Amino acid sequence: MFPKNIWRWALGLFLVGAAAGGGRWWLGPAPPVQEIRLRSSSFFPTQFPISIHRPGQYRLMSDLVVTDPDADAIQILTYGVVVDLQGFTISGPRRGGHGRGISTGGVDRNYITIRNGAISGFGGAGVALPGLYQRVEHVHVHHNGGDGIAVGPHSAIVDNRIISNGGGLNVSRGESLIWRNTIQRNAGHGIDGGGVSWIERNTIEDNGGEGIFVTVGSLLRANIVRRSGRNGLLLGTFSTVEDNEIHGSREAGVMTYGKSNRIIGNRITDNLGSGAKLGGPENYLARNTF
């Protein structure tokens, strides 16, 4: 016997089949991957920024070298873009200016992924993606005048090297995953994580500001934070700090300015200020090694 509501049963089977097949036959064939490359003609040299106006997947086919200190290398002017750098390097002039490696032109644009390459030598940020749901992974961002990487909320920053920039990682609008990055020798904070971020298994060393700064409701777990120019960790309210190593900060190892933070099972050693300085009420401190 057929089910009573056979049309609903058939529609459900149809949708399950579409999901199992990735839905690609419903949407049509995948669009081709677009290539980003320098022009080979000396009469018509590449003009920067290279602009991306349509959603889709793009891959870099050569190194890019920008000589104008105020020009971005790549501007993404739409949503839903994946740029695979394929191991190539985007280089700026290393002489000031406001240019950025990859940006959205200062406008929030969502669902952008940057992966697999290096960006260095710009007066501004290495990667500046202020919209929602961004992802940056396996990128070496170094020697830029602004932040190494700056993204909007609901983003994922995974397995990057952020070294010797004006600032490290800026997710000040929060609500992001920050996982397994190496963040060293930046002039500002190592991580400005905003609020409600998950920050785990990062190595954060020799940064000029706070090692990690979060405002509210974040999880900081299993990070190594060494030789911060200010506090190792600076916490607002309702954050949990577990199993971190915090060593050699010029101020406190952990400092709270708000309430209800949980600081549990950390190793906090050789800081020039207090091991933990609790500046607000109802903070919970247990099983730490000082």
Side-chain angles (χ1 to χ4, degrees), residues 29-107 109-131 134-151 155-166 168-169 181-186:
V33 177
Q34 305 295 311
E35 296 183 349
I36 303 171
R37 63 174 73 238
L38 289 172
R39 292 177 181 170
S40 58
S41 171
S42 59
F43 293 101
F44 300 100
T46 300
Q47 298 295 312
F48 293 103
I50 297 171
S51 298
I52 295 176
H53 295 277
R54 294 183 178 179
Q57 298 190 51
Y58 296 79
R59 60 189 178 195
L60 189 61
M61 304 303 293
S62 66
D63 293 336
L64 300 180
V65 179
V66 180
T67 58
D68 182 348
D70 294 317
D72 295 355
I74 296 174
Q75 283 190 351
I76 299 171
L77 305 179
T78 185
Y79 63 92
V81 169
V82 176
V83 178
D84 189 340
L85 303 179
Q86 295 202 124
F88 291 108
T89 297
I90 300 174
S91 301
R94 296 196 181 219
R95 53 186 177 90
H98 304 288
R100 297 158 294 195
I102 299 177
S103 83
T104 58
V107 177
R109 307 183 196 278
N110 306 331
Y111 299 102
I112 295 171
T113 296
I114 309 296
R115 60 167 64 112
N116 301 334
I119 300 170
S120 69
F122 290 88
V127 177
L129 307 175
Q134 320 293 30
R135 184 176 183 91
V136 183
E137 58 186 2
H138 306 300
V139 178
H140 183 192
V141 188
H142 62 100
H143 295 96
N144 299 285
D147 293 321
I149 298 174
V151 296
S155 295
I157 310 300
V158 179
D159 274 325
N160 300 285
R161 291 174 53 81
I162 305 170
I163 298 174
S164 298
N165 303 282
L169 171 59
N181 301 280
T182 298
I183 304 172
Q184 299 170 321
R185 300 189 298 279
N186 299 284

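Predicted model only: the values in this text are computed from it and were never measured. FYI, the numbering just counts along the sequence from 1.
Between Arg59 and Glu35, some side-chain heavy-atom pair lies under the 4.5 Å cut-off. Residues Thr78 and His53 are not in side-chain contact: their nearest non-hydrogen atoms beyond the backbone lie 4.5 Å or more apart. Residues Asp159 and Glu137 fail the side-chain proximity criterion, which asks for heavy atoms closer than 4.5 Å. The shortest side-chain heavy-atom distance between Gln134 and Ile114 does not fall under the 4.5 Å cut-off.
Closest non-hydrogen pair, Ile162 versus Asn186, comes out as O-ND2, 3.1 Å. What you find for Ser155 and Gly131 is that their closest heavy atoms are OG-O, 4.4 Å. Looking at every heavy atom in both residues, Pro69 comes nearest to Pro93 through CA-CG, 3.6 Å.
Atom CZ of Phe88 has more than 12 neighbouring heavy atoms from other residues, nucleotides or ligands inside a 6.0 Å radius. Atom CZ of Arg54 has 12 or fewer heavy atoms from other residues, nucleotides or ligands within 6.0 Å.
Side-chain atoms of Asn160 come within 3.5 Å of backbone atoms of Val139 as a donor-acceptor pair (strictly under, hydrogens ignored). With hydrogens and angles ignored, the 3.5 Å screen pairs a side-chain donor or acceptor of Gln86 with a backbone N or O of Leu60. Of the possible polar contacts, one joining the Arg109 side chain to the Thr104 backbone as a donor-acceptor pair under 3.5 Å is found. With Arg161 contributing its side chain and Gln184 its backbone, the two residues share no donor-acceptor pair below 3.5 Å. Using a distance-only test at 3.5 Å, with no hydrogens or angles considered, a donor-acceptor pair links the side chain of Asn181 to the main chain of Ile157. Without hydrogens or angle criteria, Asn144 side chain to Gly146 main chain gives no donor-acceptor distance under 3.5 Å.
Note that OG of Ser164 and NE2 of His143 are 4.0 Å apart. Values are rounded to the nearest 0.5 Å. With rounding to the nearest 0.5 Å, the separation of CZ in Arg135 from CG in Leu129 is 13.5 Å. Interatomic distance, CD1 of Ile50 versus CZ of Arg37, reported as 11.0 Å (0.5 Å rounding). Arg94 contributes atom CZ, which lies 10.5 Å from atom CZ of Phe122 (distance to the nearest 0.5 angstrom). The CG atom of Leu64 sits 5.0 Å away from atom CD1 of Ile90, with the distance rounded to the nearest 0.5 Å.
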Next item on the list: List the steps and the verdict of side-chain contact (heavy atoms from CB on, under 4.5 Å) for His140 and Ser120.
Entry: CA-CA 8 Å; His140 183 192; Ser120 69; over 6 Å; no
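Screening Ile183, Val136, Asn165 against Ile149 for a side chain to side chain contact (heavy atoms under 4.5 Å, CB included) leaves a single residue, Val136. For the side chain to side chain contact (heavy atoms under 4.5 Å, CB included) test with Ile52, the passing option among Ile112, Ile36, Ile102 is Ile36; the others fail.
Between Asp72 and Arg100 there is a salt bridge, since at least one side-chain N of the basic residue sits less than 4.0 Å from a carboxylate O of the acidic one.
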